[in-house]
**Q** 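The structure that follows is given in the form of structure tokens.
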2 protein chains.
Amino acid sequence: MGTKDRSMSAARAKTQVPANTRAQWGTLSRSQIVAAATKAVKGGGYASMTIRSLAAQIGVSPMSLYRYVRDKDDLLDEVVDALLEEVWRPAASEDEWRAWIAEAADNLRRFLVREPAALRVYLVHPVVSKAALERMEAMLGVLGQAGLDNEAALSAYGAIHTYTIGFAAFEASRSRSVGSEPLAGDLAGRLASFSSPRQFGEGLGYLLDGISQAAENCAGRFSNASNASNASNASNAGQR
Amino acid sequence: MGTKDRSMSAARAKTQVPANTRAQWGTLSRSQIVAAATKAVKGGGYASMTIRSLAAQIGVSPMSLYRYVRDKDDLLDEVVDALLEEVWRPAASEDEWRAWIAEAADNLRRFLVREPAALRVYLVHPVVSKAALERMEAMLGVLGQAGLDNEAALSAYGAIHTYTIGFAAFEASRSRSVGSEPLAGDLAGRLASFSSPRQFGEGLGYLLDGISQAAENCAGRFSNASNASNASNASNAGQR
DNA sequence: CCAGACACGCGTACGTGTACGCAAGATGTG
DNA sequence: CACATCTTGCGTACACGTACGCGTGTCTGG
């Protein structure tokens, strides 16, 4: 999107002009809207990002946005893709598949919990944006290198993915509802333990243990290398 | 909730009287509202159950409901509890812990996918309704009987639970968005395979394999039975 | 029996996402 | 230049959940 003037009109309610002037021709573009939405989500957060406020921010009428955006979810998709792109990559080496996978899962989990808009997107439909696909391919690659054949890698990825999203949803929902109901006795504690980052690591550990076994079975008689773990490192899957 | 007359006024817009009459005193009660909402959700589905339509159905003004219900989510909680109560119990014997757990998880998954209202409730906050707690206790019991100590059972339950919800969310979201975007090539197939019931079983299998190992470690020197599946898992896998 | 307190049903109003279609600017064609 | 057509910004309007507070019905203490 070009370096247009912008000419300032934000909010458009408090201008000298009666404020009835419609915006210049060609002011809007999808990328500009996405950019504004991304900024709004980063500051302020998802809850405060309404179509109306976004339009006001840009200096345009709410309905104008719908020329470039199917609906709010469509807009969020793109925003979340931009945000995900910045955070999903693990720091671990791909050679240590278990650590790498655990970190990738944890990165996604933290992202989803931190950014409610992202969680919403992940819950409302499968995410097939650019960054999400890159991430999937990368994970499938690492899983393959761990000894899984294509089908098994797909299945393992699916399991890890849904577990991660499910956990993030649970964690977010819990943190959303602290202080609502008093919630008798040990129950509160139990719920809390379900949604700790530590518990995420443990559950993921179960999953990876099971996947390890599958990898061994896949490898079959081939003594496949790539087994940089399998012994004595099931612990500490990926906790912050 | 008594056997009051009801006197018919449903919709209240098309009565002989100018329709300005307010409803009788004491018509409303929480349980009646919940019952009406449950019926509305069973037929028609969640999407069509709006506060306004529900109120019309009962023959009362929308705002009247709020005397008995904090908000729509509060109402849904109770509705979903009633629905869950009917469907969560596995048919398998508790002695076969693996089959029992798998069936319990699958029952919940199917319920969540079939009933969007339930999925919503499970995603918006931790569910601590009566049926949900019963279910949790039952699962913890079976897990304990499988050889896990209290802490490990809790952790395993949490993992299974979040996996189940995550999977259901994914499956529902996918079925919700078929036909929207064309979605190039193998991607569609990949996504489809992620959300098949078969994939649910496989992922759960990974989880249960991991949990089995944990159970063995828990049992320690005790020779505990409980191993109804998996194979070929040598050493390793310290979790905790 | 009456006055005050309380319970209850509801009218009004707000902010939300967005369907529908109009009108004004841009662009093309004679 | 006149006119048709296409593009784009937007006004209006609707259904949604629900905050706020009013008026009416019921109950309770004097």
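A note on names: the letters A, B, ... follow the listed sequences, proteins ahead of strands, and every chain is numbered from 1. These numbers were taken from a predicted model, which means no experiment stands behind them.
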**Q** Taking 4.0 angstrom as the limit, do Arg89(B) and Glu134(B) come out as a salt bridge?
**A**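 Yes, Arg89(B) and Glu134(B) are salt-bridged.
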**Q** Any donor and acceptor pair, going by atom type alone, linking the side chain of Gln32(B) with main-chain N or O of Thr27(B) inside 3.5 Å?
**A** yes
**Q** Of the candidate nucleotides dA24(C), dT12(C), dC22(D), which contains the atom at the shortest distance from the side chain of Met63(B)?
**A** dT12(C)
**Q** dG9(D) phosphate, OP1 or OP2: any side-chain N/O from Ser61(A) under 4.0 angstrom?
**A**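 The answer is no; no side-chain N or O of Ser61(A) sits under 4.0 Å from OP1 or OP2.
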**Q** Would you say Thr27(B) reaches dG9(C)'s phosphate, i.e. side-chain N/O to OP1/OP2 under 4.0 Å?
**A** yes
**Q** Hey, which sits more toward the 5' end of DNA chain D by its nearest nucleotide, Met49(B) or Tyr68(A)?
**A**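 That would be Tyr68(A).
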**Q** Take atom CD1 of Ile58(B) and atom C1' of dG9(C), then tell me their distance rounded to the nearest Å.
**A**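 That distance rounds to 13 Å.
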**Q** Is there a side-chain contact between Ser64(A) and the phosphate of dT8(D), meaning an N or O under 4.0 Å from OP1 or OP2?
**A** no
**Q** Report the distance from atom CD1 of Ile165(B) to atom OH of Tyr163(A), rounding to the nearest 0.5 Å.
**A**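 Going from the CD1 atom of Ile165(B) to the OH atom of Tyr163(A) covers 12.0 Å.
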**Q** Starting at atom CZ of Arg22(A), determine the distance to atom P of dG9(D), rounded to an integer number of angstrom.
**A**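 Roughly 9 Å, once rounded to whole Å.
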**Q** Rounded to whole angstrom units, what separation is found between the CZ atom of Arg30(A) and the P atom of dG9(D)?
**A**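 Distance check: Arg30(A) CZ to dG9(D) P gives 15 Å.
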**Q** Arg67(A) has an atom CZ; how far is it from atom P of dA24(C), in whole Å?
**A**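 These atoms are roughly 15 Å apart.
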**Q** Once you round it to whole Å, what is the distance between P of dG17(D) and CZ of Arg70(B)?
**A**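 Going from Arg70(B) (CZ) to dG17(D) (P), I get 17 Å.
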**Q** Calculate the interatomic distance between Leu54(A) atom CG and dT16(C) atom P; express it in whole Å.
**A**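 Rounded to whole Å, this separation is 12 Å.
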**Q** Suppose we call two aromatic rings close when their centres sit under 6.0 Å apart. Are Phe200(B) and Phe167(B) close by that rule?
**A**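 Yes, the ring centres sit under 6.0 Å apart.
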**Q** When you measure from the side chain of Asp71(A), which nucleotide among dT18(C), dT18(D), dT8(D) comes out closest?
**A** dT18(C)
**Q** Closest to the Leu28(A) side chain: dG9(D), dC8(C), dC10(C)?
**A** dG9(D)
**Q** Over 60° means perpendicular and under 30° means parallel, so tell me whether Phe170(B) and Phe194(B) are parallel, tilted or perpendicular.
**A** tilted
**Q** Report the distance from atom NZ of Lys72(A) to atom P of dT16(C), rounded to the nearest whole Å.
**A**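 Value for this atom pair: 9 Å.
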**Q** At under 4.0 Å, does any side-chain N or O of Tyr66(B) touch on OP1 or OP2 of dG9(C)?
**A** no
**Q** So does Arg52(A) reach the base of dG17(C) with its side chain, donor to acceptor, closer than 3.5 Å?
**A** yes
**Q** Nearest whole angstrom, please: distance from the P of dG17(C) to the CG of Asp74(A).
**A** 14 Å
